[in-house]
Amino acid sequence: MDFNIDFLETLNPEQYQAVTTTEGPLLVLSGAGTGKTRVLTTRVAYILANGLAHPWQVLAVTFTNKAAKEMQERLTQMVGAAAGDVWLGTFHRIGLRILRRYGDLVNLNKNFIVLDADDQERLLKNIMKECLVDTKEYPPADLLEIIQHWKDKGLAPDAITEAEKSNFCEGRALDFYRLYQKRLHEMNAVDFGDLLMLPLLLFQTHPEILAEYQHRFQYILVDEYQDTNIAQYMLLRLLAKGSNNICCVGDDDQSIYSWRGANVDNLLNFEKVFPGAQIIRLETNYRSTEHILACASSLIANNTGRLGKTLHVANQDEMGGELVVVQGYYNGQEEATEIIQKIEDENHAGIPLSKMAVLVRLSFLTREFEDALIKANLPYRIIGGFKFYEREEIRDVVAYLRLVVNQNDDLAFMRVVNKPRRGIGDKVVESLQQTANARHISLFEAINYAEIKPAPLKTLQAFREMILDAKKQTSTLRPVVVAKNLMQVSGYIAMWQAEKSLKSDERIDNIYELLNKLEDFASLDAFIEEVSLQTENDEQTTGDQLVVMTLHASKGLEFDKVFLPAWEEEIFPHQRAIDEVGEAGLEEERRLAYVGITRARKSVFISYASNRRVYGQWKNALPSRFVEELPPEHIDRRGNRRMGYGAQFSDIRMPWAAEKQTPKKRVGKRVHHETFGDGVVLREEGDRLEVFFDNSGLKKVLARFLEEI
DNA sequence: ACCACGATGCTTTTT
DNA sequence: GCATCGTGGT
């Protein structure tokens, strides 16, 4: 293989070791900005160049689709077309690939579909309703989370032990899980968790298949190992039993997905699980300045139970640099406006927008920045907010296509059968469902048997023919043409065109954007599969844009200048993280702060606001405790913009603050309301009061609209 | 079957 | 403050 190994010379000694120690288990502890992607990529290239394995005998797993794509590109640069034969992708994609091949051994039909979060929740809601559960009291989303956690551990319903059981809905979660799996099976569908759990089940029940993959994968590489869950760990352990050549790269200080089932112990126990493992530490940081690293290190030092690493700057040029700025603001809006102003100034001074980023803890915080960006007329992209593939119109179009591919896809059927309105209401769908249940057939097939009045029946038959017609077209026409036809014939596009609003125009644009993507696909199946795995916003760097995203979404990225707003108690660290898992939650929040700071090459701008609107209500806020954990000599602390540094937050007297100071006991008091007149307070729940007004009767009103009389 | 309106709850973080 | 859901009227 023609392969230029010159770039081995540009590696530092530790990186070189990590690349060339190919045999046996290896753990690479790789701090932020120490070149781990480079190591991983070069390692694969090294293995291929030395003929240690064929490309298809190398398995490289990444955490996100984006990371996989980036690695694929870099690898192609180094080894050319051979890069395409390496098994490279997210765990979920690899799992899918295995199931497409051997799914029949775990009761799957070859062309199964992958449900997204929305489908899953809808399905669970249906199941719960059938079981006469009040979905208000027991939210399907909570059940989904429970089931996902089971799947994260690789636990099928029969494997749930007493200790794993949940007391959700009087302990019925397991029953629902069983039903849910049964329903998935009937629909020939899997969810995200199944993409890990079912391959695991396959390997456990079919040793000969496991042996085949153990033999196949001579070298296994894993990125972001600190964020793998138990199912992923078990898969890796099984696969690595073949060659024993497994290399995991990770950083315990960047473990930020425990809420999703990630388990840092995978990394901490690496030596125990893989005897004879070697460990290499990458501690030379090529990304950030001294001040930035000092802040990150000082902050993370407050965590316990770390493996411990000391990052140092790579070159002397990076010594010094700008101090990390900590700025206080009056409120969230001022904060957003001023930060965008700064970004605009930097942009005028020559820094491209794409080299800067605003990273927030909670996705709703992106909103104020979006407003400010629109006012400033700067091009931007929000990541972590509403995602392209989660938009209504996109999901509708995909549902149509899913139905063309698989008429038994009941969820897709229900989504589009009356969209646009065709006069098919709840009653008709209910009747279809009954027939379908009784005969064990899909809703689509039930059209032929259900007792339905002539008018809707005619509509349903026409709908049926339309889908079957599109299916017929797939054998002669290109997928993109079939899809465009269907969107016209079904009246779906016309539905939005008729609406004529700003939003509907945008929706139509989105639909065409989606349909154009179809150009690149040979079949509808392939397209749907791509879409169902593409949950994360792919990099569509259309020109020079500023990104505003969540801290979670920023993992693995880097920017010259990073802005970290809303460093306030209850937001960051997030109150719920602390409430739910206490000290462990706080430490994960701190790692998130560490991830945020270490995204920056040249400068970090941290800020907090004294007042913030949450749920449309003003709340005052204290600076995050993390601010106090930064080393004073490395920061430029500017305090609050309007009050000057040192002002006591409790000194702030704002109109809305007055309401907080009124005594809590208001029950029994006579009050006056501008619209409802005089009355007496009966009950009190936080800010909401139940008042019996003399002339208007019983009303629920907000305390701030009341005056005591 | 569909629409208008009001009550409700929501904001962690994502493959 | 907003989007979603459920209700009751047409």
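So you know, we letter chains A, B, ... as the sequences are listed, proteins then strands, and number each from 1.
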Pick base, sugar-phosphate or nothing for [X], based on heavy-atom distances below 4.0 Å to the nucleic acid.
X: Leu365(A); result: nothing
X: Glu224(A); result: nothing
X: Lys129(A); result: sugar-phosphate
X: Tyr257(A); result: sugar-phosphate

- Partners meeting salt bridge (Lys or Arg N to Asp or Glu O under 4.0 Å) with Asp119(A) (sequence neighbours left out): Arg395(A), Arg402(A)

- Message: I'd like to check the salt bridge (Lys or Arg N to Asp or Glu O under 4.0 Å) partners of Asp525(A); sequence neighbours left out, ordered by chain and number.
- Response: none

Can you check the [X] [atom1] to [N] [atom2] distance for me, whole Å?
X: Asp579(A); N: dT11(B); atom1: CG; atom2: C1'; answer: 14 Å
X: Phe364(A); N: dC10(B); atom1: CZ; atom2: C1'; answer: 10 Å
X: Glu580(A); N: dT13(B); atom1: CD; atom2: C1'; answer: 11 Å
X: Ile452(A); N: dA1(B); atom1: CD1; atom2: P; answer: 11 Å
X: Glu392(A); N: dA3(C); atom1: CD; atom2: C1'; answer: 12 Å
X: Glu145(A); N: dT15(B); atom1: CD; atom2: C1'; answer: 15 Å
X: Asp426(A); N: dC2(B); atom1: CG; atom2: P; answer: 9 Å
X: Asp371(A); N: dC2(C); atom1: CG; atom2: P; answer: 10 Å

Which residues satisfy the side chain to side chain donor-acceptor pair (under 3.5 Å) test with [X], sequence neighbours excluded?
X: Tyr380(A); value: Glu370(A)
X: Glu529(A); value: Arg100(A)
X: Gln72(A); value: none

- Whichever of Val428(A) and Val614(A) has the more 5' nearest nucleotide on DNA chain B, that residue is Val428(A)

- Heavy-atom nearest nucleotide on DNA chain B taken for His574(A) and for Lys427(A); more 5' hit belongs to Lys427(A)

- Considering only side-chain heavy atoms of Tyr615(A), which listed nucleotide, dT11(B), dT15(B), dT14(B), is closest? dT11(B)

- Message: Closest approach to the side chain of Lys125(A), judged atom by atom: which nucleotide of dT15(B), dG6(C), dT13(B) is it?
- Response: dG6(C)

- Query: Which word best sums up how the rings of Phe63(A) and Tyr257(A) line up, parallel for under 30°, tilted for 30 to 60°, or perpendicular for over 60°?
  - Reply: tilted

- What are the residues of residues 414-422 of chain A, sorted by number, that bring a heavy atom to within less than 4.0 Å of DNA chain B? Asn418(A), Arg421(A)

- Using the P atom as the reference point in each nucleotide, state the distance between dT13(B) and dT4(C) in Å, no decimals. 16 Å

- Check the side chains of Gln226(A) and Asp252(A) for a donor-acceptor pair under 3.5 angstrom, ignoring hydrogens and angles. no

- Task: Check whether any side-chain nitrogen or oxygen of Thr64(A) sits under 4.0 Å from OP1 or OP2 of dT14(B), and answer yes or no.
- Result: no

- When you look at CD of Gln433(A), are more than 12 heavy atoms from neighbouring residues, nucleotides or ligands closer to it than 6.0 Å? yes

